[in-house]
Structure formats: C-alpha cells, structure tokens
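Since the structure comes first, as structure tokens, the remarks are kept for the end.
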Amino acid sequence: MGLEFDDAFIQAEEHRPKPYISEAGGIPVIDLSPIIAGEGEAFSGLVAEVGSACKNWGFFQVINHGIDGEVLERIHAAAREFFALPLEEKRRVRRGEDNPLGYYDAENTKNVRDWKEVFDFVTSESAEIPATDEPGEKRTDLFWNQWPDYPPEFRDVFEEYSKEVEKLAYKLVELISLSLGLPAKRLSSFFKDGMNFIRLNHYPPCPEPQLALGVGRHKDSGALTILFQDDVGGLDVRRKNDGEWVRVKPIQNSFIINVGDIIQVWSNDAYESVEHRVSVNSERERFSIPFFINPAHYTNIKPLEELTSEENPARYEEYNWGQFFKARKNSNFRKLGKENVQIYHFKKALLAN
Ligand code: OGA
Ligand code: NI
C-alpha cells in the first residue's frame, strides 16, 4: 500500500502547479573543474560565476564536481530498493516525535500534506538538538540514525556518499565565501560539529498532480543544500527576476545547489534563500536526495560583521540555529494552528529616515 489521496494533500488554489512549467531560462549550470587548479584565471572566473548565481538565482547546477557517477548510481539504487519495501518493513525505522530521524510518510509543509515519503539520517553518529523551541532552552536531546536491514548495503553506501558530499560541500562553502569578498575559510569554522543531514525523498505517481505537491513551496532553513535528482524532473524554483516558477532540467551526474536561510542572514541578504517546491506527475515515481550542511545546534546566526556597515546595517536579529530547526521539525510533524517559523520573522524593522 502506498499513499492514498485525500483532502489533506490539496493545495490552496493559488499554490497549485500549472499544467505546464517551462524548463527554459532556468538556473545556471556551473562547471566546477577549475577547483582542481585552485587559483588562476579559470578559478577566479568560477568564483565570479558562483557569486552571480547566488545573487541572481539562489540556485545553480554543478557538473564536474568530482563525485563519481557510480556513487550516484549506488545511492539511487539503494533509495529505490528501500522505498520499494513493504510499509511494515519501512515502519520499523520510522521517525517519531522522540526521534526525528528515519522513515516518515506524513510530512506537512506550511500545514498541507506533501505527496512523498522520506528517510532522514545525519552524517555523524548522532545529533544533538534543543529539547524545545522555547527561547533560552538549555536542555538538549540526542538522536541516533536508524538504519534499515534492507537493502543490506544501505548503510555502507550512504556512509561512503556522506563523506564525498561533505567534501564537495566544504569546497562550495569556500567558493561562496570568496565570492562574498571574504577569505576562503571564513565560513568553514561554523561547520565544525555541524548538524549535517541527508534526506531520501520518494515521490510516488500521484493521481491528482494538479491539486497536490510533492513538497510545498518552502525555503531551506540550513546553510547550503546539495541535491541529487533522478531523470524524472519536478523541482520548481521561483525565478527571482519575475517570480515565475521554472522547472530544473535534470542533467545526469550533476547536483543542484541552493543557498539556505543561514547564508541569506550571514550575507545580510546579498544571497537570498529562494523558494522552491516539487511538482508530481501521475506516471513516473521520482527520487531525490538532498544533503543539508548546517552549523552545530548551539550556533547563533547573524549577519557577518564584514558584510555590514553604517550604510548597510544588519537586517536580522541574531537567532539560535538549533531552536529554529526544532520549530521547523515540529511543524513538519503535524499541522499546527499557527504560521510556521520563517526567516523573515527575524528581520529587523528597518528605520525609515
Ligand atoms: C527538500 C526539497 C526538492 C526535490 O527536500 O527540501 O526541496 O527535488 N527537495 O526533491
Ligand atoms: Ni528544499
């Protein structure tokens, strides 16, 4: 038994996907091979490309990123085999309110149910997050990964992938740091003890693809996302220059990179975290695998001093990353009777002069 369509999945009319979403005029594609040289003209060109993609789109695709196509085939196959298991089997590693890691098939985005199933794990042994989202909460909870028994190679495949994608994430963070005019390693130390995690998304064929979404429109709350997708397509990005939704065209052996809320705040809005969503279809199931790189839970996030000045004052109040994450998790787990926490809630009321 898979998902069964009911009213909980129905999006408000203004958020339903149009029947045709264009792939034309989509996000930039960036060749990462100049990273190997590490300096010189091609490398400076790369830094500039990354900077303009972050500024104008908040999203880009990368090719020649150094992760072997075979590794991507293995994670895709392992995800496919896991989600093909009977529901009782998947529920043995189910997430609960006491452990947000594992399998789950009833996630909400902005209080509407998503047409998907997910499996979450952290790339470290365990993860610590605040016990509640109350300001000043000092208690934390510790969570462990729940690995399924099938397919048997699942854990090894994803542990290998975690190491590789983490390396790529660090390189991208350095490029972004340079593109903001900062030293290459300026942002790197924030990720020590980081709470990085990987999500497997499975979007089964949907009987009502015009009414529902695989994931409702949202912004990623972490620092940076590195997403693998298969060849089906369905990720829609809100284009900054006109607000239109554009479909990201699948490119084999590429990754999709997007800036999350934390980079938006650090950069004081120079790089905005852009809205995206997943459209589904009635014929083909789709798999995607995002990796989210994040600071440790105790990190407070605020605009970087080097990027603010008297003319460009800090636009955000400082906030605690762990508590923001905890509040989001609560809202994904069940429908709340209030608006979910969003980054603009931390925006300062700028004084008019
Ligand atoms: C996400 C997400 C996009 C996709 O999981 O945050 O935006 O293509 N996924 O699955
Ligand atoms: Ni997302």
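In this chain, numbering begins with 1 at the start of the sequence shown. Note that the structure is a prediction, hence the values are computed from the model and not measured. Both counts, for ligands and for their atoms, begin at 1 and track the order of listing.
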Looking at Trp245, is Arg277 sitting on its ring face, NZ or CZ under 6.0 Å from the six-membered ring centre and within 45 degrees of the normal?
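Because its charged atom sits under 6.0 Å from the ring centre and within 45° of the axis, Arg277 does stack over Trp245.
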Can you name the nearest heavy-atom pair linking Pro130 to Asn320, along with the distance?
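Smallest heavy-atom distance, with atoms named: CG-OD1, 4.3 Å.
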Pairs involving residues 132-153, ordered by first then second residue, that meet ring pair (Phe, Tyr, Trp, His ring centres under 6.0 Å) (sequence neighbours left out):
Phe121-Trp147
Please set out all donor-acceptor pairs under 3.5 angstrom arising from side-chain atoms of residues 250-258, sequence neighbours excluded.
{"residue": "Ser254", "atom": "OG", "partner": "Gln61", "partner atom": "OE1", "Å": "3.4"}
{"residue": "Ser254", "atom": "OG", "partner": "Ile251", "partner atom": "O", "Å": "2.7"}
{"residue": "Asn258", "atom": "ND2", "partner": "Asp220", "partner atom": "OD2", "Å": "3.2"}

Of Glu117, Glu89, Gln146, Arg95, which is the lone residue that meets side-chain hydrogen bond (donor to acceptor under 3.5 Å, both in side chains) with Tyr103?
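Testing Tyr103 for a side-chain hydrogen bond (donor to acceptor under 3.5 Å, both in side chains) against Glu117, Glu89, Gln146, Arg95 leaves exactly one candidate, Glu117.
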If you stand at the Ni ion (ligand 2) and look out to NE2 of His218 and OD1 of Asp220, what angle do those two lines make, to 10°?
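NE2 of His218, the Ni ion (ligand 2) and OD1 of Asp220 span an angle of about 90°.
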For Glu14, does the CD atom have more than 12 heavy-atom neighbours from other residues, nucleotides or ligands under 6.0 Å away?
yes
Could you tell me which N, O or S atom of His276 is nearest to the Ni ion (ligand 2)?
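So the atom name we want here is NE2.
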Within the protein, flag every N or O under 3.5 Å from an N or O of ligand 1, and note the pair and distance.
{"residue": "ligand 1", "atom": "5 (O)", "partner": "Asn201", "partner atom": "ND2", "Å": "3.4"}
{"residue": "ligand 1", "atom": "6 (O)", "partner": "His218", "partner atom": "NE2", "Å": "3.1"}
{"residue": "ligand 1", "atom": "6 (O)", "partner": "Asp220", "partner atom": "OD1", "Å": "3.3"}
{"residue": "ligand 1", "atom": "7 (O)", "partner": "His218", "partner atom": "NE2", "Å": "3.2"}
{"residue": "ligand 1", "atom": "7 (O)", "partner": "His276", "partner atom": "NE2", "Å": "3.0"}
{"residue": "ligand 1", "atom": "8 (O)", "partner": "Arg286", "partner atom": "NH1", "Å": "3.2"}
{"residue": "ligand 1", "atom": "8 (O)", "partner": "Arg286", "partner atom": "NH2", "Å": "2.8"}
{"residue": "ligand 1", "atom": "10 (O)", "partner": "Tyr203", "partner atom": "OH", "Å": "2.6"}
{"residue": "ligand 1", "atom": "10 (O)", "partner": "Ser288", "partner atom": "OG", "Å": "2.6"}

Taking distance alone, no hydrogens or angles, what donor-acceptor pairs closer than 3.5 Å link side-chain atoms of residues 19-31 to residues at least two apart or in another chain?
{"residue": "Ser22", "atom": "OG", "partner": "Ala24", "partner atom": "N", "Å": "2.9"}
{"residue": "Asp31", "atom": "OD1", "partner": "Ser33", "partner atom": "N", "Å": "2.8"}
{"residue": "Asp31", "atom": "OD1", "partner": "Ser33", "partner atom": "OG", "Å": "2.6"}
{"residue": "Asp31", "atom": "OD1", "partner": "Asn64", "partner atom": "ND2", "Å": "3.0"}
{"residue": "Asp31", "atom": "OD2", "partner": "Ser33", "partner atom": "OG", "Å": "3.3"}
{"residue": "Asp31", "atom": "OD2", "partner": "Asn64", "partner atom": "ND2", "Å": "3.3"}

